[in-house]
Undergrad: 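Before I ask anything, let me first share the structure, which is written out below as structure tokens.
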Number of protein chains: 2
Amino acid sequence: MSQPYPPSAERPESFDEPVLMQLSAPEATPLRADAARNRARLLEAAARLVEEQGVARLTMEGVACAAAVGKGTVFRRFGDRNGLLMALLDHTEQSFQRAFISGPAPLGPGAPAVERLHAFGGQALRLTAERLDMYLAAEPESTRRFTTAPYRVRFMHVCMLLRQTGPGPDTDTELLAQTLMGYLDPALIGHLTRQRGMSPERLEAGWRDLVDRSVGPRPV
Amino acid sequence: MSQPYPPSAERPESFDEPVLMQLSAPEATPLRADAARNRARLLEAAARLVEEQGVARLTMEGVACAAAVGKGTVFRRFGDRNGLLMALLDHTEQSFQRAFISGPAPLGPGAPAVERLHAFGGQALRLTAERLDMYLAAEPESTRRFTTAPYRVRFMHVCMLLRQTGPGPDTDTELLAQTLMGYLDPALIGHLTRQRGMSPERLEAGWRDLVDRSVGPRPV
DNA sequence: ACCTTAAGCGGACTTCGGTCCGCTTTATTG
DNA sequence: CAATAAAGCGGACCGAAGTCCGCTTAAGGT
């Protein structure tokens, strides 16, 4: 109920600013030299530890220790464990973003909105499946997951594409977009692939079906 | 990776048995007298503490203490914090279940499947909104949330109704049902109502739209 | 160069969920 | 009614996330 580490903190709590593209890349105030160095060491150490022992064994103290840095420093820089994990996914997420915002069609602009939606989901499914443990571990719990920067960027994109498909006047695009986003939730993907044994192809076909149903005015 | 408390534990890990209706009500082996007494005292104490201080302040040790019982006992009985919280919701959940399985139409049998789906979502939204904090706190994280008994019962129900609406042969009912269930996720409901300020009416209208789009064969 | 100041640092500390294991109680059975 | 096995109990213990606060240090102004 209070901001723990006043100035920066990689996970902003405010809601209303225009987020697009500012995942964590350009800090409002650039980091001090030592801070930047420590940040890099921490990310490097964390990535190494994850690779060596799996994300489940990653502890904040372990990372601090491996980076030869105090525990408080890790929290100051990344806010919490999810923040650190999200930072580890930042590169992937940013290039995905670039791809669907300004990359080549059909993911990027140029193709019809429906096809862009198809491509968007396909790529999201692929990225998530590829590093599922990371995405699962990075996902904050409860309602927090809807307020992370990457989620919001994706959401706004889906919302925009949906609006371009000629929804009827009585279609609630925002809610429909949330529903579509729900399909891409790492937890759901993990459940379906690991516990229900569904193939990526099946998930992708399901996505296309869902998009086709969501597009255009609502049925009679 | 191992079952911590061998014999009972209110959250079964197995997947394939026919669950329907066995939330926690009839234990496989009935509880020993002292165990049953302690269970009741724990639930009572927990409910009181939640009422007094809110679910966020509820700690397992606090409950144990208030029930004049050892901490280990709480864990033995309920598995973990989510298990305790789910037990607190059990009554609500069971009567909801009865209502949609065998209650009066349109929630129960008798009405067309589409109307039953409409009613189902409406009621789920209402129940969740009514005790949102509890539902949020009781929700296990990551993929675990798909394996709780209440989730699975709801899911199978939606799946069944969907199958009754004449989906085309190329419709993946299971995936569609998961999508519908995603709309009813307490975390999403909490986000939409609290952080985006959406009205219950709007959410319900969104649900009806979603159902209408999900029903029947997929569009061209 | 020096001074000032605020960002940054570190690690002890708190809190809480979850586990362990030796002891106690219940229920069954002969 | 005793004996006994197994379910139950309790609280010490552990690990990890997150907090706090006094000390250090980089950076910009004079």
Undergrad: Would you tell me if any nitrogen or oxygen in the side chain of B:Asn38 comes within less than 4.0 Å of OP1 or OP2 on D:dG8?
TA: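 So the side chain of B:Asn38 is outside the cut-off, no N or O lying under 4.0 Å from OP1 or OP2 of D:dG8.
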Undergrad: Just grab all the salt bridge (charged side-chain N to carboxylate O under 4.0 Å, His left out) pairs involving residues 181-193 of chain A, residues at least two apart or on different chains.
TA: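 Sorted pair list: A:Arg145-A:Asp185, A:Asp185-B:Arg145.
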Undergrad: Can you tell me the distance, in whole Å, between the CZ atom of B:Arg76 and the C1' atom of C:dG17?
TA: 17 Å
Undergrad: Round to the nearest Å and state the distance from B:Phe75 atom CZ to C:dC21 atom C1'.
TA: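 Distance, rounded to whole Å: 16 Å.
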Undergrad: Any salt bridge (charged side-chain N to carboxylate O under 4.0 Å, His left out) involving residues 61-74 of chain A? Give me the pairs, sequence neighbours left out, ordered by first then second residue.
TA: none
Undergrad: Think A:Arg77 has a side-chain N or O under 4.0 angstrom from the OP1 or OP2 of C:dC9?
TA: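 Checking C:dC9 against A:Arg77, a side-chain N or O does come within under 4.0 Å of OP1 or OP2.
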Undergrad: Expressed as a whole number of angstroms, how long is the span from B:Leu42:CG to D:dG10:C1'?
TA: 12 Å
Undergrad: Walk me through it: do B:Thr171 and A:Arg213 pass the test side-chain hydrogen bond (donor to acceptor under 3.5 Å, both in side chains)?
TA: CA-CA 11 Å; B:Thr171 295; A:Arg213 289 177 186 273; 3.2 Å; yes
Undergrad: Kindly point out which of D:dG8, C:dC9, D:dG18 is positioned nearest to the side chain of A:Thr73?
TA: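 Out of D:dG8, C:dC9, D:dG18, the nucleotide with an atom closest to A:Thr73's side chain is C:dC9.
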Undergrad: Got a sec? Which of residues 47-70 of chain A come in under 4.0 Å of DNA chain C, heavy atoms?
TA: A:Val69, A:Gly70
Undergrad: If I take atom CZ in residue B:Arg39 and atom C1' in nucleotide D:dA7, what distance separates them, rounded to the nearest angstrom?
TA: 16 Å
Undergrad: Residues two or more places apart in sequence or in another chain: which of them pass side-chain contact (heavy atoms from CB on, under 4.5 Å) with B:Ala119?
TA: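 B:Ala119 satisfies side-chain contact (heavy atoms from CB on, under 4.5 Å) with B:Pro106, B:Leu107 only.
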Undergrad: Would you say B:Glu52 has more than 12 foreign heavy atoms packed within less than 6.0 Å of its CD?
TA: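 Yes, because the 6.0 Å sphere around CD of B:Glu52 holds more than 12 heavy atoms from other groups.
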Undergrad: How many Å lie between CD on B:Glu141 and C1' on C:dG18, as a whole number?
TA: 14 Å
Undergrad: What pairs meet the salt bridge (charged side-chain N to carboxylate O under 4.0 Å, His left out) rule with one or both residues in residues 126-136 of chain A, with sequence neighbours excluded?
TA: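 Qualifying pairs: A:Arg126-A:Glu204, A:Asp133-A:Arg194.
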Undergrad: Measure from CG on B:Leu84 to C1' on C:dG18 and round the result to the nearest Å.
TA: 14 Å
Undergrad: Where do A:Leu89 and A:Ala138 come nearest, in terms of heavy atoms and distance?
TA: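 Smallest interatomic distance, heavy atoms only, reads CD1-CB, 3.8 Å.
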Undergrad: Name the orientation class of the two ring planes belonging to A:Phe100 and A:Phe120 (parallel below 30°, tilted from 30 to 60°, perpendicular beyond 60°).
TA: perpendicular
Undergrad: Output yes when at least one side-chain N/O atom of B:Arg81 is less than 4.0 Å from OP1 or OP2 of C:dG18, else no.
TA: no
Undergrad: Check the orientation of B:Phe146 and B:Tyr151. Use parallel for under 30°, tilted for 30 to 60°, and perpendicular for over 60°.
TA: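 Geometry flag for B:Tyr151 against B:Phe146: perpendicular rings.
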Undergrad: Go along nucleotides 24-30 of chain D 5' to 3' and tag each nucleotide: B for a protein heavy atom under 4.0 Å from its base, S when only backbone or sugar atoms are that close, - otherwise.
TA: -BSS---
Undergrad: Tell whether A:Lys71 reaches the base of C:dA12 with its side chain through a donor-acceptor pair below 3.5 angstrom.
TA: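 Not at all, since no donor on one side and acceptor on the other fall under 3.5 Å apart.
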